[in-house]
Amino acid sequence: MSDVITARDDEGDQRARRERATDGLREHASAFAFDGDRSGQGHGSGLPQRRHLVQGDDDPRDHMLAEEVLSEDVSWEGRIFNVDRLQVRLPDGRTALRDVVRHPGAVAVVALTDDGRICLVRQYRTALGRVTVEIPAGKLDPGEDPLDCARRELTEETGMVAQHMAFLTTIATSAGFADETIHIYMATGLSFVGSDPDTDEFINVDLVDLTELVDAVLDGRIEDAKTVLGALVCDAIAHRLNVDDAAPNGGDSQ
């Protein structure tokens, strides 16, 4: 009988601990988002305006959207990135918590062969639990120039060196919770010298026709964000060059 009572007591203690943990989780979540309780919300979004594109922080109204950082602490420190917890003051004076991934940044390379094929790497991604098809990319070392990093990563992952490297764009990968930016370059004039991947990288390399890659992107078969963007930017550049070549006087219509 005593064993039964002890078991019931243990079960009751476990239930109480779960309830306390659940209550704590609810309180914690409410500090990050106000979607659960909008009773204190007294504002709306700005009215839609027809206008020319204005970059962030260049609109006189943007200062009314800014959040003031009151404190920042490292919640978790990892090999590649840290997670910091920030307390911020919202534009209406309330405070909220933000978890932010602090990342050193990265590069990605759209490597185009002379016969119009893109270098793609096949790599197992543990976070997704499957092999993905991506353009070569890698993390910036501290103080490293992104162009130097792009050349290094292209050779390490694909074995290719490029005669020409051109900057395409920079993207913020997940602006809602991370400060990571990826600088994307185009590489041309490729020659093969041999790859040298990191010790924990196992990679196969494909050379795929650009048109086929773009079709796969538009069909939703490519999910990696930097690869989607790199393919579309490369395709857009090719179309613009074709339009310029077809215009009178080599594109000078004035």
Side-chain angles (χ1 to χ4, degrees), residues 105-140 144-174 180-198 200-253:
V107 300
V109 184
V110 181
L112 184 65
T113 65
D114 292 340
D115 61 348
R117 292 180 176 270
I118 295 290
C119 291
L120 298 175
V121 295
R122 311 180 69 87
Q123 189 172 4
Y124 185 85
R125 293 301 194 183
T126 305
L128 298 178
R130 58 181 178 273
V131 171
T132 61
V133 179
E134 310 173 20
I135 58 176
K139 179 176 65 70
L140 285 162
E144 186 176 22
D145 183 277
L147 178 58
D148 294 337
C149 182
R151 292 185 183 278
R152 173 174 56 79
E153 289 293 339
L154 177 63
T155 303
E156 286 182 357
E157 294 195 353
T158 71
M160 297 288 188
V161 293
Q163 289 183 339
H164 308 288
M165 297 281 283
F167 173 76
L168 293 180
T169 189
T170 297
I171 60 173
T173 57
S174 301
E180 180 193 24
T181 56
I182 298 181
H183 310 286
I184 302 180
Y185 291 83
M186 178 182 286
T188 55
L190 303 179
S191 58
F192 183 79
V193 298
S195 63
D196 184 24
D198 292 339
D200 62 348
E201 286 184 321
F202 297 86
I203 295 171
N204 286 328
V205 182
D206 292 344
L207 300 176
V208 176
D209 185 83
L210 172 61
T211 302
E212 186 178 354
L213 176 61
V214 172
D215 287 343
V217 166
L218 296 178
D219 290 343
R221 288 180 284 134
I222 299 295
E223 57 195 346
D224 178 66
K226 63 183 179 295
T227 304
V228 169
L229 187 100
L232 295 181
V233 169
C234 188
D235 187 53
I237 291 174
H239 279 86
R240 288 195 178 188
L241 291 175
N242 289 338
V243 169
D244 290 343
D245 290 341
N249 301 320
D252 185 3
S253 59

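Numbers here simply count residues along the sequence, with the first being 1.
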query = Roughly how far, to the nearest 0.5 Å, is the CD atom of Glu157 from the CD1 atom of Ile135?
reply = 10.0 Å
key: Contact list for residues 147-170, test ring pair (Phe, Tyr, Trp, His ring centres under 6.0 Å), sequence neighbours left out   = Phe167-Tyr185
ask   = So, do Leu120 and Leu213 sit near enough that their side-chain heavy atoms are less than 4.5 Å apart?
value = yes
message = Tell me every residue that passes side-chain hydrogen bond (donor to acceptor under 3.5 Å, both in side chains) with Ser191, counting only those two or more places apart in sequence or in another chain.
response = none
query = Atom OG1 of Thr132 and atom CD1 of Ile222: how far apart are they, to the nearest 0.5 Å?
reply = 9.0 Å
query = Closest approach of Val110 and Ile118, non-hydrogen atoms and distance?
reply = CG1-CD1, 3.6 Å
ask   = Any donor-acceptor pair under 3.5 Å linking the side chain of Thr158 with the backbone of Met160?
value = yes
ask   = Side chains of Asp206 and Arg122: closer than 4.5 Å at any heavy-atom pair?
value = yes
Heavy-atom pair with the smallest gap, counting every atom of Val107 and Ile182 = C-CG2, 3.8 Å
query = If we only count heavy atoms from C-beta on, is the Leu190 to Cys119 side-chain gap below 4.5 Å?
reply = yes
ask   = Can you name the closest pair of heavy atoms from Ala231 and Val217 and give their distance?
value = CB-CG2, 4.0 Å
Euclidean distance, Ile171 CD1 relative to Thr173 OG1, rounded to 0.5 Å = 7.0 Å
request  = Name all pairs fulfilling the side chain to side chain donor-acceptor pair (under 3.5 Å) condition that reach into residues 215-232, sequence neighbours left out, sorted by first residue then second.
outcome  = Arg130-Glu223, Glu134-Lys226, Asp219-Arg221, Asp224-Lys226, Asp224-Thr227
key: Leu229 side chain near Thr169 side chain, heavy-atom distance below 4.5 Å   = yes
task = Could you tell me which non-hydrogen atom of Met186 sits nearest to which non-hydrogen atom of Cys234, and how far apart they are?
result = CE-SG, 3.4 Å
remark   = Correct closest heavy-atom pair for Ala162 and Arg151 would be O-NH1, 3.3 Å
key: Backbone of Leu207 reached by a side-chain donor or acceptor of Arg117 within 3.5 Å   = yes
ask   = Distance-only, no hydrogens or angles: does the Asp209 side chain make a donor-acceptor pair with backbone N or O of Thr211 under 3.5 Å?
value = yes
query = Just by distance, do the side chain of Glu156 and the backbone of Glu153 share a donor-acceptor pair under 3.5 Å?
reply = no
ask   = How many angstroms lie between atom CD1 of Ile184 and atom OG1 of Thr170, to the nearest 0.5 angstrom?
value = 8.0 Å
task = Could you please spell out the steps behind the side chain to side chain contact (heavy atoms under 4.5 Å, CB included) verdict for Val161 and Leu154?
result = CA-CA 7 Å; Val161 293; Leu154 177 63; over 6 Å; no
key: Minimum heavy-atom distance His183-Leu140, with the two atoms named   = CD2-CD1, 4.1 Å
